[in-house]
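Working notes for the structure below.
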Amino acid sequence: MRLLIFGTQPYERTTFLKHQDPDQHQLVFLDARLSQHTLPMVGEGDAVCVFVNDDLNAEVVEGLHQLGVRLILLRCAGFNQVDLKTAEQFGMTVARVPEYSPFAVAEHTLALMLSLNRRIHRAWLRTREFNFNLGGLMGFDFHAKTVGIVGYGRIGQCVARMMHGLGCRVLISDPVAQPDDQPYEWVGFKELIRASDVITLHCPLTPTTHHLINEAAFAAMKKGVMLINTSRGGLVDTRAAIKALKTEKLGYLGLDVYEEEADLFFQDLSDRVIPDDVFARLMTFPNVLITAHQAFFTQEAMDRIVLTTLDNLVQFRKGTVDPRNLVHGEHHA
Ligand code: NAI
């Protein structure tokens, strides 16, 4: 069985080649992302491997099924890019890498928080120009601030530990996870957004969480709040965020993900005109810091992603994929 690896970046190819067993794996690296347009690249009985911005909507999944594809491997934790109900309907196996390095994403979340607060992105530009003026660079102590964590899964738990380590009051909102013995306060989402100085999102993108942070949510927040999203772009209504930035309700915005990132991220567009006016507007705010979906991007995480993906392939052939790695239709409910 060939494994078609869609949207392969050079660093992914290197890592796959490092870990592959040429006797077991027949890997085909493709630059294109998987979508309706690139479906014809798939051959009879192939398996496909995709990343966060491939588009496996119902039509694409049905097309894959018609081509005899039985296995979709996600080389990421999130699974919002696949129509899981259709995959399940056709009896296709969808396997992901549920945990590769929650530390990588949590550490990047912290990097965004601290950089925004202490304006490192602006200070760096100034000192390069030998401008040593401090005007506009004043930050705040994280110590004793209230940090709200939306989603207490693998990544949310790491972030909570870090924020507690900085001396913050930590609020958690998660409709499923149970309180543990950590010294955090469990609150509802409404209370969390009302009481937090810093809000950080670590829940998955599902139909229920789409635009979780919308105009009404911004209205309920403290003035000057910091919002960090390293989870999925669709959690935040970007137009509402821009409004909140303009009224200074939103004091800081740190994004590693963006709802329309599929046409932007993971490519060099530095010599192109960007047609996305919403994204372009975001870039004009001095208190917005955007990275291009790199929170996962550490050596340790890349190794784990590739090793688990290859293992999912091997186990699928044996009929024994680790159930923790399988994604089902009900994940999308
Ligand atoms: P996880 O599955 O371990 O935890 C997610 C938690 O969110 C669960 O405890 C769940 O109960 C909770 N949750 C679900 N709906 C919620 C809601 N409405 N409000 C509050 N909590 C809710 O997932 P993990 O590994 O912590 O990852 C979280 C998200 O981070 C992923 O879904 C993925 O989208 C994103 N991610 C981003 C990466 C990046 O590079 N920027 C890399 C890896 C993951």
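Numbering of ligands and ligand atoms starts at 1, following listing order.
Compare Cys203, Cys76, Ala177, Gly234 by their heavy atoms: the one nearest to atom 13 (N) of ligand 1 is in Cys203. Looking at Ala295, Gly188, Gly153, it is Gly153 that brings a heavy atom closest to atom 4 (O) of ligand 1. For the residues Ser231, Pro204, Ala301, the heavy atom positioned nearest atom 29 (C) of ligand 1 is part of Ser231. In this comparison of Val150, Thr230, Thr206, the heavy atom closest to atom 38 (C) of ligand 1 sits on Thr230.
Residue-to-ligand polar distances keep Pro175 apart from ligand 1: every N/O pair is separated by 3.5 Å or more. By the 3.5 Å distance cut-off applied to N or O atoms, Gly156 is not counted among the residues near ligand 1. For ligand 1, the polar-atom distance check against Gln294 finds no nitrogen or oxygen pair separated by under 3.5 Å. Among the atoms of Thr209, none of the N or O lies under 3.5 angstrom from an N or O of ligand 1.
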* Check the pair Glu259 / His211 against side-chain hydrogen bond (donor to acceptor under 3.5 Å, both in side chains), numbers first and verdict last. => CA-CA 10 Å; Glu259 50 184 333; His211 285 187; 2.8 Å; yes
* After noting the C-alpha distance and the side-chain angles of His293 and Glu261, does the key distance pass the side-chain hydrogen bond (donor to acceptor under 3.5 Å, both in side chains) rule? -> CA-CA 9 Å; His293 210 135; Glu261 71 178 52; 2.7 Å; yes
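Residue contact annotation: Leu205 has no non-hydrogen atom under 4.0 Å from ligand 1. Residue contacts with ligand 1: Tyr100 is included, with a non-hydrogen atom under 4.0 Å away. Using a 4.0 angstrom heavy-atom cutoff, Pro102 does not count as in contact with ligand 1.
Residue-ligand proximity, Asp256 to ligand 1, at heavy-atom distances under 4.0 Å covers atoms 39 (C), 40 (O), 41 (N). For ligand 1 and His293, the ligand atoms under 4.0 Å from any heavy atom of the residue are 39 (C), 40 (O), 41 (N).
By the 30° and 60° cut-offs, the orientation of the rings of Tyr184 relative to Tyr152 is perpendicular. Classified by interplanar angle (parallel below 30°, tilted 30° to 60°, perpendicular above 60°), the ring pair Phe140/Tyr252 is perpendicular. Aromatic ring orientation, Phe132 versus Phe130: perpendicular (interplanar angle above 60°, classes split at 30° and 60°).
When each of Leu4, Leu3, Leu17 is tested with Phe29 by the rule side-chain contact (heavy atoms from CB on, under 4.5 Å), just one qualifies, namely Leu17. Screening Thr298, Thr230, Thr291 for a side-chain hydrogen bond (donor to acceptor under 3.5 Å, both in side chains) with His108, the sole residue that qualifies is Thr291.
Distance alone, capped at 3.5 Å, places no donor-acceptor pair between the Ser115 side chain and the Leu112 backbone.
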